[in-house]
Amino acid sequence: MRLFFALWPDDAVRAGLARWSRELHALCGGRIMPPEKLHVTLAFLGGVEEAQLAEVERAADGGAPQAASLVLDRPGYWKQNRIAWAGASVVPPELESLVSELRGALGESRIRFDAKPFVSHVTLLRDAREPRAFPELAPIEWRLSGFALVQSLTLPRGTRYEVRRSWSA
């Protein structure tokens with residue numbers, strides 16, 4: 001199973017992100033991420049054996065999600081992989097703490113994950129051109145109240161994300 005831990009947005013946040021995607025797509029082209037795939041990755045585990053699933057979930061049980069507000073207020077672009085994204089200029093300390101605790105628990109349980117530094121962002125476009133300038137985009141307030149363990153399923157028509165389990169504040 002391909003697994004990752006993520007912040008999973010509600011419908012209002014998804015709608016705001018979909019608007020940003022359309023506005024950025026007009027400037028950058030590329031492939032718009034479907035609204036049902038929009039998320040913030042907290043820890044990417046990659047391939048996990050079914051037998052390890054209970055251990056992965058136990059590691060997450062120690063995480064203490066706290067209610068907080070993440071304000072997505074700046075678009076960005078990564079040239080090396082041609083991704084346009086939505087990000088926060090200020091990451092709430094509650095989110096930084098959750099990521100640190102979750103990743104620490106995974107490490108203590110010897111569950112492998114991608115240890116790249118956490119960057120609070122939502123991928124909006126893939127294979128996009130770099131824009132000359134970003135449009136003014138209305139900030140999106142995302143009330144954080146938990147996180148999810150998500151499975152990436154490979155299907156004949158692409159991938160689908162399925163929430164396996166959620167933890168709430």
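For the single chain, residues carry numbers from 1 onward in sequence order.
- Sorted by first then second residue, the salt bridge (charged side-chain N to carboxylate O under 4.0 Å, His left out) pairs that include residues 76-89, not counting sequence neighbours, are Lys79-Glu130.
- Lys116 pairs by the side-chain contact (heavy atoms from CB on, under 4.5 Å) definition with Asp114, not counting sequence neighbours.
- Of all heavy-atom pairs spanning Arg2 and Phe44, the tightest one is NH2-CZ, 3.4 Å.
- Checked against ring pair (Phe, Tyr, Trp, His ring centres under 6.0 Å), Tyr161 has the following partners two or more places apart in sequence or in another chain: Phe4, His39.
- Scanning for side-chain contact (heavy atoms from CB on, under 4.5 Å) contacts around Leu45 gives Leu3, Phe5, Ala43, Val48, Val56, Leu106, Ile111, Phe113, with sequence neighbours left out.
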Chi angles and distances behind the side chain to side chain donor-acceptor pair (under 3.5 Å) call for Glu141, Ser69: CA-CA 7 Å; Glu141 183 176 1; Ser69 187; 2.8 Å; yes
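- In plain terms, the two heavy atoms of Gly76 and Phe134 that are nearest each other are C-CZ, 3.5 Å.
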Solution key, residues 20-29 side-chain donor-acceptor pairs under 3.5 Å, sequence neighbours excluded:
{"unit_1": "Trp20", "atom_1": "NE1", "unit_2": "Ala138", "atom_2": "O", "d": "3.0"}
{"unit_1": "Ser21", "atom_1": "OG", "unit_2": "Leu17", "atom_2": "O", "d": "3.0"}
{"unit_1": "His25", "atom_1": "NE2", "unit_2": "Gly30", "atom_2": "O", "d": "3.0"}

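- With side-chain heavy atoms closer than 4.5 Å counting as contact, directly or through intermediates, Val90 stands alone and belongs to no larger hydrophobic cluster.
- Every residue was checked against the side-chain hydrogen bond (donor to acceptor under 3.5 Å, both in side chains) condition with Arg129, not counting sequence neighbours, and none meets it.
- Judged by distance alone, with hydrogens and angles left aside, the side-chain atoms of Arg103 form a donor-acceptor pair with the main-chain N or O of Leu42 at under 3.5 Å.
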Evaluate side chain to side chain contact (heavy atoms under 4.5 Å, CB included) for Leu125 paired with Tyr77, printing each intermediate quantity in order. CA-CA 9 Å; Leu125 304 173; Tyr77 181 80; over 6 Å; no
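- With a 4.5 Å cut-off on side-chain heavy atoms, Phe147 and Val40 do not count as touching.
- Between Ser166 and Val163, the closest heavy-atom pair is OG-CG1, 3.6 Å.
- By the side-chain contact (heavy atoms from CB on, under 4.5 Å) test, Glu96 pairs with Val91, Phe118, sequence neighbours left out.
- A side-chain donor-acceptor contact under 3.5 Å links Lys37 and Thr159.
- Listed here is the closest heavy atom pair of Ala86 and Leu72: O-CD2, 4.3 Å.
- In this structure, the side-chain contact (heavy atoms from CB on, under 4.5 Å) partners of Ser89, at least two apart in sequence or on a different chain, are Asp73, Arg74.
- Alongside Val119, the hydrophobic cluster contains Trp78, Ile83, Trp85 (criterion: ILVMFWY side chains under 4.5 Å).
- Residues that satisfy the side-chain hydrogen bond (donor to acceptor under 3.5 Å, both in side chains) test with Arg164, not counting sequence neighbours, are Gln151.
- Leu98 places none of its side-chain heavy atoms less than 4.5 Å from the side chain of Glu94.
- In this structure Arg165 satisfies the side-chain hydrogen bond (donor to acceptor under 3.5 Å, both in side chains) test together with Asp61, sequence neighbours excluded.
- Residues Leu38 and Arg14 approach most closely at O-NH1, 3.1 Å, considering heavy atoms.
- A donor-acceptor pair under 3.5 Å links the side-chain atoms of Ser109 to the main chain of Ala105, judged by distance alone.
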